[in-house]
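Data first, discussion second: the structure below is written as C-alpha cells.
Just so it is clear: chains get the letters A, B, ... in the order the sequence lines come, proteins before strands, and each one is counted from 1.
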2 protein chains.
Amino acid sequence: MVGMRRPTMADVAREVGVTAKTVSRVLNDDGPVAADTRERVLAAVRRLGYQPNLMARNMRVGARDAAIGLVIPEMGNPFFGTVAGAVESAVRARGLTLIVGSSSETADLEQSLIATFLARRVSALMVVPSATGDHRHLRAERAAGLPVVFLDRPAVGMAADQVVSGNRDGARDGVAHLLAGGHRRIGFVGDLPATLYTRRERFQGYRDALEAAGVPFDRMLVESGHDQEAACAAVLRLLALPDPPTALFAANNFASMGAVVALARTGRRDVALVGFDDLTLAEVLDPPLTVVAQDPAAIGAAAAELVLSRLDGHRSKAARRLVIPTRLIPRGSGEIPPPS
Amino acid sequence: MVGMRRPTMADVAREVGVTAKTVSRVLNDDGPVAADTRERVLAAVRRLGYQPNLMARNMRVGARDAAIGLVIPEMGNPFFGTVAGAVESAVRARGLTLIVGSSSETADLEQSLIATFLARRVSALMVVPSATGDHRHLRAERAAGLPVVFLDRPAVGMAADQVVSGNRDGARDGVAHLLAGGHRRIGFVGDLPATLYTRRERFQGYRDALEAAGVPFDRMLVESGHDQEAACAAVLRLLALPDPPTALFAANNFASMGAVVALARTGRRDVALVGFDDLTLAEVLDPPLTVVAQDPAAIGAAAAELVLSRLDGHRSKAARRLVIPTRLIPRGSGEIPPPS
DNA sequence: GAACACAATGTCATCGTTGACATATGTCAT
DNA sequence: ATGACATATGTCAACGATGACATTGTGTTC
C-alpha cells in the first residue's frame, strides 16, 4: 500500500485501449477526439483516480515551472503576508502557483532562496530585497527574459520593474497634517540603519513638509531605534530636550509602538503623534492612532500585474516603476493641538 | 537575448569533453571522478553559469517534487503567517521548498489548492482545514504513503497526524485566572458559527473552569459575533444585562478587539478582560490586555517535524496528535477585581 | 472516381537528469 | 602472466508528458 505507484497517462490509455497521446488530447482539449473515446477516457481517469503530473508537463511544455517565486523578509509580518496573499490570488487566477520563501532580511538566505527558485525554473521572480543584498547576479536572468520584479524597496545594483509605497509623499502628508494642526516642533523617529531605503524616503518626506511650511529643520529632533524598545527610548530622549517637540512623526510600525509606549509611560497626552503604516489596534488605542496607511494588497497586486504583463509578452527593456499611494487616516492622536 | 536557452548538463559536458553523466557525478558527489576532471567540470559550470534543473531532477529521482504544500486560510493573518514561516524554515533545513496557498476559508479554494499540490507531486501536504471542507478524498493519498498533516484544527472525515493549540486548557486557564481574581459572573464572547472547532473547544474550557470553581453556568452570559463590530455589539448586550458580568473572556482575536472597543466606548474600566490569542499592541492598551497566548511558531515547527519524520520513514498507520500548550500572559486587564 | 479535406488516432522523439549496467585502464596479489 | 578488483568514464533507457509528423478512414467536391 505504502508508496503505491500513481497511475500515469499510459495506465489510463491501456485501460481504455488507446495511446497516451489520445488521453493527453482529451485532458488538454487539444486536437479532435471522438465523443465516445472522450467519455471512456474520462471514465477511466475517474476510475483510476488519475491526476496529471504537472512536473512532467511543465518540463516538457515550457521548460519553465508554472510557478513564480516570491521572497519576502518575514511571513509573520502582516504587511508582507498581505503582499504575498495578494500576489498569490493574482497569479493563481492565471494558473500559476506561488512559491514563497522568507529571507529574515539576510542577504545569504535571500541569495539561497533565489538560487533555489532559479533551479526550479520558476516563470518569474518577485523579491522584497533585503537591505544588505546585491542583486547584480539577477541581471543575466532578466536579460534572458525572466520577469523580475522588486517589491517595497528598489534593488541594489540593477534596474528592474518595481513597486513601492509612496513613502516620501506619505511621510510628507503625515507631517503636513501635524503642521496644519499648528505644530512647529515635530520630532522624527526612524529606524536604523538610516541608509535603509524606506527610512531615507520617509525622512525626505518629513523635510519636504517642513520646507513647504517654512519651518526650519532641527537635527536635534531626529532620533532612531531599531526596535520598539529603542524607539521608546528615542522618544523619551526627544521629550527630555530643553526645547522638546510638541508632535511626533513615527516613520514605521515599531517606532509608532515605541512612541505610544513612551507617551503612555510618561502620561503625556498633550503630544500629537502620526505613525507611518497602519496597526490593527490603532483605533482602539487611547487616543486612537492617526496613521499614514500603506496598501500592501495593492502593492502585491500591482507587482503581480507587472509580472503577468511580462509573461504575456511585454518586452520593453526599460524598468517600470509603480508607486502605490498611501492614505492618511486621522483618528485622534494626530489632531492634538500644540500647547498655546 | 530574450528566451535564451539555459545551459544543460550536456552543454557543460560538451564544453569539458565528457558526457553528461560525468558532470552529474561531479555535481552530486556520486561515484568516482578524477580530480582533474572534477576541476574542469566545475570550471565549465561556473563559466557557463550552469544551474541544475530541479524539475528534471525531481522527476527522475523520486517522481516526487522536493516541495511540500501548505494550505492556510489567510496569509495576511499573522497567526498563520507565523505558522507558515516556521514550517518553511524547518523544511528548508532539509532541502525542501514550501509552496503555499490560501483558501480564504472556503472549501472550494482549499480543494483546488490541494489538487494543484497533488498534481505537482509534492512530497507532503499540510493543511489548515477550512471549517466547511471535507477531507475524505485525502484518505487515499495518505494510504498511498503521502504524509498528510492538519494544523490548528482537525480534519473532517479522516484521521491524520495533526497539531493543534491547547484550546480547551488555554481557555480554562484564562477563565480560571478571572475566577481566581474573585469574579463569579464571567461573560463568554465567541465566534460564529458556534460549531467551529476552536470555538467549541474554548467554550468547553470556559465551562471546565466554571465547574472546577463551583460557579454555575449561565447561558445568558454567552454571546457571539463573527467580526469585531459584532463582538463589540455582543459585549454591549452583555453589559446591559440586569445582572451583568464583571469580567469577560474573549475567545479569539477579534472578539478581544471588539471587547476592548466596547469597554472603551462605554468608559467601563471596572470590567476585567482576558483574551484568547495575543495581539501585537496588547501591552500598549489601557489597561494592557491580559491574554492566553498561542504559539504559532511552535505549531508550525511541530507540524513540520511530523511531516519530516514521515518522510524519514515513520510508517505507523496511526494518526499522531500534538497539542501545543498556550501561555497565560497577565498584563493588567485580567487583574481588575470585581466590584465588592 | 480521382483528388482532397478533415477527423481520429498512432508513432516517435524529446524535455534534463540520473539509475543500471557496460567498458576501458591500471594495480596488485598470486 | 592471470585473474581479481578498483577507478574512471561511457551508454542507454527511463521518469511522464507533449510536439511534430505520419497514418488511417470517411465524407465531399468537381
Integer-rounded Å distance: D:dG19 C1' and A:Asp30 CG: 9 Å

Stretch residues 114-124 of chain B: residues that reach within less than 4.0 Å of DNA chain D through a heavy atom: none

With side chain to side chain donor-acceptor pair (under 3.5 Å) as the rule and sequence neighbours excluded, what pairs involving residues 144-163 of chain A come up? A:Glu105-A:Arg153, A:Asp161-A:Arg310, A:Asp161-A:Arg320, A:Gln162-A:Arg321

Round to a whole Å and report the spacing from CZ of B:Arg14 to C1' of D:dG10. 16 Å

I'd like to know if the side chain of A:Ser104 and the backbone of A:Thr106 have a donor-acceptor N/O pair within less than 3.5 Å. no

Rounded distance in Å - CG (B:Asp29) to P (D:dA8): 13 Å

Residues passing the salt bridge (charged side-chain N to carboxylate O under 4.0 Å, His left out) test with A:Glu110, sequence neighbours excluded, are none

Got a sec, which residues hit salt bridge (charged side-chain N to carboxylate O under 4.0 Å, His left out) with B:Asp134, two or more places apart in sequence or on another chain? B:Arg136

Show every donor-acceptor pair shorter than 3.5 Å between a side-chain atom in residues 26-33 of chain B and any protein atom, with sequence neighbours excluded, or say none if there are none.
{"unit_1": "B:Asn28", "atom_1": "ND2", "unit_2": "B:Ser24", "atom_2": "O", "d": "2.9"}
{"unit_1": "B:Asn28", "atom_1": "ND2", "unit_2": "B:Ser24", "atom_2": "OG", "d": "3.3"}
{"unit_1": "B:Asp29", "atom_1": "OD1", "unit_2": "B:Arg38", "atom_2": "NH2", "d": "3.0"}

With sequence neighbours excluded, tell me which residues meet side chain to side chain donor-acceptor pair (under 3.5 Å) with A:Ser165. A:Gln294

ring-ring contact (aromatic ring centres under 6.0 Å, His included) pairs, two or more places apart, involving residues 97-145 of chain A: A:His135-A:Phe150

Give the rounded distance in Å between these two atoms: CG of B:Asp65 and P of D:dC15. 18 Å

Just N and O in the side chain of B:Arg57: are any of them under 4.0 Å from OP1 or OP2 of C:dT18? yes

Counting only side-chain heavy atoms from C-beta out, which of C:dT9, D:dT7, D:dG16 sits nearest to A:Pro32? C:dT9

Tell me every residue that passes salt bridge (charged side-chain N to carboxylate O under 4.0 Å, His left out) with B:Arg121, counting only those two or more places apart in sequence or in another chain. none

Is the shortest distance from a Lys or Arg side-chain nitrogen in B:Arg120 or A:Asp65 to a carboxylate oxygen in the other one below 4.0 Å? yes

Euclidean distance, atom CG of residue B:Asn53 to atom P of C:dC15 [Å, nearest integer]: 12 Å

Is there a donor and acceptor pair, one atom on the side chain of B:Arg60 and one on the base of C:dT17, closer than 3.5 Å? no

Using a cut-off of strictly less than 4.0 Å between a heavy atom of the residue and any atom of DNA chain C, enumerate the qualifying residues of residues 33-44 of chain B by number. none

Taking B:Thr82 for the side chain and B:Pro78 for the main chain, is one N or O donor matched with an acceptor at less than 3.5 Å? yes

Looking at the side chain of A:Pro52, which of C:dT17, D:dG16, D:dA17 is the nearest nucleotide? D:dA17

Distance in angstrom units between A:Met59 CE and C:dA13 C1', rounded: 13 Å

Expected output: side-chain B:Arg142 to main-chain B:Ala159 donor-acceptor under 3.5 Å: yes

Write down the atom of B:Ser102, the atom of B:Leu109, and the distance for their closest heavy-atom approach. O-CD1, 4.3 Å

What is the distance from CE of B:Met9 to P of D:dG10, rounded to the nearest Å? 13 Å

Which nucleotide wins on minimum distance to the side chain of A:Thr8, given the candidates D:dA17, D:dG19, C:dT17? D:dA17

Note the angle between the end axes of the helix from C:dG1-D:dC30 to C:dT30-D:dA1, five pairs defining each, rounded to 10 degrees. 50°

Could you state the atom-to-atom distance from CG of B:Leu54 to P of C:dG16 in whole Å? 14 Å

Nearest heavy-atom approach of A:Ala301 to A:Ala86 is N-CB, 3.8 Å

Which pairs, with at least one residue in residues 11-58 of chain A and sequence neighbours excluded, count as a ring-ring contact (aromatic ring centres under 6.0 Å, His included)? none

Which parts of residues 18-28 of chain A get close to DNA chain C, meaning a heavy atom less than 4.0 angstrom away? A:Val18, A:Thr19, A:Lys21, A:Thr22, A:Arg25

